[in-house]
Each structure stands twice: as structure tokens, then as C-alpha cells.
Amino acid sequence: MTAFKSDFLNVLQSRGFIHQCSDFEGLDALAAKGEATAYVGYDCTAPSLHIGNFLTMMMLYWLQQTGNKPITLMGGGTTMVGDPSGKDETRAMRTIAEIEANKASIRGVFAKVLRYGDGATDAAMLDNAEWLTKLNWIEMLRDIGRHFSVNRMLTMDSVRLRLEREQEMSFIEFNYMVCQAYDFVELSRRVGCRLQMGGSDQWGNIVNGVDLGRRMGTPQLFALTTPLLTTASGAKMGKTAQGAIWLNADQCSPYDFWQYWRNTEDADVVRFLKLFTTLPLGEIDKLAALQGAEINEAKKALADAATALLHGEEAARTAAETARRTFEEGAIAENLPTVEVPSAELEAGLGVLTAFVKAGLVASNGEARRQIKGGGLRVNDATVTDEKMTLTPNDLTSERVIKLSLGKKRHVLVKPA
């Protein structure tokens, strides 16, 4: 393990954030002086960010905690182009109205983790639509495009992998890396930004920005990436059968967010405690020493700390208590996720397969059937054995709900509207 001069790189290294860096020595010297203004870009492709974005937000958090300045860059402009990284086909083009709505929905989450203001180390938020949408095409080609080698662009993973699989890449996507590289130059000029951070899949794009800055006369720029997250079993981090784990509470409830961390694989607990919480390493070491069934306490600590960081202490406490009552007491906790169905639908008889799909516990009727065959679905704690079963008002508990369960840990209440 390298001993750095800066608290910033020492913290990132000790907590497992570092994958690649363009110049450790230069960045270390900059951060040691408290002069490492850094940014991460967030495209507005959905109404919420997800756990992968949470990882880079934590990099910005530690940057700020160690006396440097974080920049969150909203991709109002780059979202119009579409990042081809890791995609087998062209992203769906979003309207300006959709992008603006997504941007408005995303903005609020950053203040949960970062401190914004006018101080030297306070976070700032910018939007690349401010400069990208004002670029003149011919001037852009002459002033920026001339610095890019098509030969080199074709070797970038985001392009090369698509071409190797003989998947079409549109001209607009091909220009994404040019836009991202120019963002870095523009941020350097506007706010003295010297470092861009991101996931390892962004390495090529970020290094392009470092190179463009050198060619266009900025001070030396730096690139730093974090490992692309997978779980110990090899699955992509933040993905479940029901879809992505979103950061906005209206997309993924604090309870579901808490449950995601509580269900972490044993081999991942310590790594995720370091990456997704602010718990001191000494405390994490104590949790790492837990063996056997006691590791569940470490998982609860992870769920509590990650949920409190993003949704607040009260939401984390409520989620933990809801889980305790549901699992340890077998109670129907009122804070469980709830879906409403029209009373008439229940009166007529709601098919059990449809009910589980509506509740978001399974993705399709076919998946519900497979779960029934394996004994994985329960209604009011009774195992479902008949896929033709229907739910009626007779199934309502004294609390006037029907409790649907997938396995032992996922529960949703069905409530007549």
C-alpha cells in the first residue's frame, strides 16, 4: 500500500476506491495543498441516480472532507448525445422536457452527501448544457475536433466493443467522448477544476479530457477512477430482479434501500462498509471480525449507515424497526411498502400471479410461476401452492391489507383503494 502525502488519496486507498490514476504523484501534491478541485459528471437519463452513482458521490464526499472542492456536473448537454459506454445499442433519444424533468428530480440527492455553498471547499453544481448547447459547429470542429485522432477514438472501449460485435454506432454517440473531454477543459477554465473522477468504464473518456487539456493549454489535468462494482458472486452491483436500486425515495423506498444492504452477500460486507458508509475504519475492522450468524449484525450496521447517509437517521431507524417487527415478530408492520388495488378488482378476484407482479416482487407471471414451484411466494405468511389462486376481500387481515412475501426478506402490502 502506497503512503501518500495527501489525506484524500490515503483515505481513498484505505477504503478501496482507487482503480486507476493518470499521475499519482502530481495529484497527491495538489490534494495535499487542498487545491484538488474535482468533478464527476451525471447524465440525466432517468428521474433518479442509482447505487453506481452513489459510489462516485462518496469519492466527492471524501474529497470535501479532506479539504478539497467537489463539483457535481449535471449532464444537461451530454444527455442529449448519449454515452455509448457499456451499451450494445444506441440509447433512446430523450426530449429536452424529459431531460429537464430528470435533472430537476436528480438535483436534490447531492445535498444529502455534500455540503454546498460559497466557501473554498463547498461543493458547486454546474450544468454542461450551459456551454455545449452554445458551441458553434464549425468553430467546434476547428478549435476542439482537430485535437482528436479518429484512429485513437476507434480504440476506445465504448467504440471498439460495439464495432467488434458489429453493433451499429451512430455519429452522435461517436461524439460523446469529444463532449466529455471538452467539459473537463471548460471546468478547468471556469472553476480551476484539475481532476475528473468516475467509474473504470469512463477511463478512456476521462483520459481524453486530460489530453485535450494539454493540447488546449490548461494546467495539467488528472484522471482517477474507481473499480466497476460487482458483488462477490459476480453480479453487477445495484441490480436486482426488480431492477436498479435508485437513490430517490420515490423510486426506491428507504425500507427497500435498507433491505438491499441488509441482504448483502457475506463476502461483500466489509468492502461495502468502506465504500458506502462514513464509519471509521477501526469500527469497520471490529465488524469484520464477526463470524457465523453474527455477521448479520455487520449487515445491519451497513444498512443503517448507508440508509442514514442518504435518507436520514429517522428513515434508517424506521426501516430497521420495520424489518425487525416483520422478521422477528412476524408482525405486519405499517411501514412496509404498500401497493393499492381497486376494491372492485379484489371483489372480482385478483389472480395471485398478477398480484405479485403488481407488487413488484416478481418481474413477470412466468417468474411468479417459477417461484411458486420453488415454494418462494407466500400470502399472509402461507406458502402459495396454486398458481390459479385468487385474492379476495376474504384474504384481508384485521389491518385491512394482504401481505405478499417473496422469500423471507421481501414483503409488500396490498391494500384496497
Side-chain angles (χ1 to χ4, degrees), residues 45-54 86-92 94 98 102 105 228-265 268 303 307 319 322-323 326-327 332 335-342 345-346 348-391 395 401-417:
T45 54
S48 172
L49 299 179
H50 51 73
I51 278 182
N53 304 125
F54 193 22
K87 297 294 175 185
D88 286 336
E89 55 190 30
T90 302
R91 287 181 186 267
R94 288 169 173 78
E98 286 175 321
N102 287 344
S105 181
L228 211 56
L229 279 182
T230 55
T231 63
S233 60
K236 189 172 181 181
M237 172 78 183
K239 294 286 186 182
T240 68
Q242 286 68 47
I245 300 298
W246 302 104
L247 303 188
N248 282 20
D250 58 351
Q251 300 282 110
C252 176
S253 71
Y255 174 81
D256 283 338
F257 191 76
W258 189 94
Q259 275 297 324
Y260 176 79
W261 299 108
R262 172 64 181 81
N263 295 336
T264 295
E265 295 176 36
D268 289 324
T307 306
T322 298
T326 304
F327 308 139
I332 296 181
N335 291 306
L336 284 174
T338 302
V339 294
E340 291 189 344
V341 299
E345 211 171 317
L346 209 55
L350 176 63
V352 71
L353 304 181
T354 302
F356 274 88
V357 172
K358 277 180 181 281
L361 289 168
V362 294
S364 64
N365 286 355
E367 187 187 340
R369 289 190 184 95
R370 288 192 294 275
Q371 289 287 353
I372 288 171
K373 284 178 183 172
L377 301 187
R378 284 174 294 134
V379 172
N380 293 334
D381 296 324
T383 303
V384 178
T385 56
D386 180 7
E387 66 178 54
K388 294 181 180 176
M389 172 186 176
T390 58
L391 306 183
D395 295 301
V401 294
I402 301 172
K403 180 182 173 187
L404 305 185
S405 305
L406 169 64
K408 295 180 179 179
K409 295 179 179 178
R410 299 205 65 217
H411 312 274
V412 172
L413 304 181
V414 172
K415 186 177 179 182

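Across all non-hydrogen atoms, the minimal contact from Asp381 to Ser405 is OD1-OG, 4.4 Å. Between Ile372 and Val384 the shortest heavy-atom distance is CG2-O, 3.6 Å. Considering every non-hydrogen atom in both Pro47 and Asn248, the closest pair reads O-ND2, 3.3 Å. What you find for Ser364 and Val357 is that their closest heavy atoms are C-CG2, 3.6 Å. Annotation for Cys252 and Ile245: closest pair SG-CG2, 4.1 Å, computed over non-hydrogen atoms. Nearest heavy-atom pair across Leu353 and Ala368 is CD2-CB, 3.6 Å.
Side-chain contact between Val352 and Thr390 is absent, with no heavy atoms from C-beta onward closer than 4.5 Å. Here the side chains of Leu361 and Gln371 are not in contact, with every heavy-atom distance at 4.5 Å or above. In this structure the side chain of Phe257 reaches within 4.5 angstrom of the side chain of Leu247, judged on heavy atoms. By the 4.5 Å heavy-atom criterion applied to side chains, Leu377 and Thr383 are not counted as neighbours.
For Asp395, the side-chain contact (heavy atoms from CB on, under 4.5 Å) criterion is met by Asn380, Leu391, Thr392, Ile402, not counting sequence neighbours. Applying the salt bridge (Lys or Arg N to Asp or Glu O under 4.0 Å) test to Glu340 and every residue at least two apart in sequence or in another chain returns nothing. Residues passing the side-chain contact (heavy atoms from CB on, under 4.5 Å) test with Asn53, sequence neighbours excluded: Tyr42, Leu49, His50. With sequence neighbours excluded, the residues that form a side-chain contact (heavy atoms from CB on, under 4.5 Å) with Ser253 are Tyr255, Asp256, Pro337. Take Glu387 and apply the salt bridge (Lys or Arg N to Asp or Glu O under 4.0 Å) test, not counting sequence neighbours, and it matches Arg369. With sequence neighbours excluded, the residues forming a side-chain contact (heavy atoms from CB on, under 4.5 Å) with Glu265 are Thr231, Ala232, Ser233, Asp268, listed by chain and number.
Under a 3.5 Å cut-off, the side chain of Arg378 and the backbone N or O of Gly407 do form a donor-acceptor pair.
We find the CD-OG1 distance between Gln259 and Thr322 to be 9.5 Å, quoted to the nearest 0.5 Å. Note: Trp261 CH2 to Thr307 OG1 = 8.5 Å, rounded to the nearest 0.5 Å. A distance of 5.0 Å separates NZ of Lys403 from NE2 of His411, quoted to the nearest 0.5 Å.
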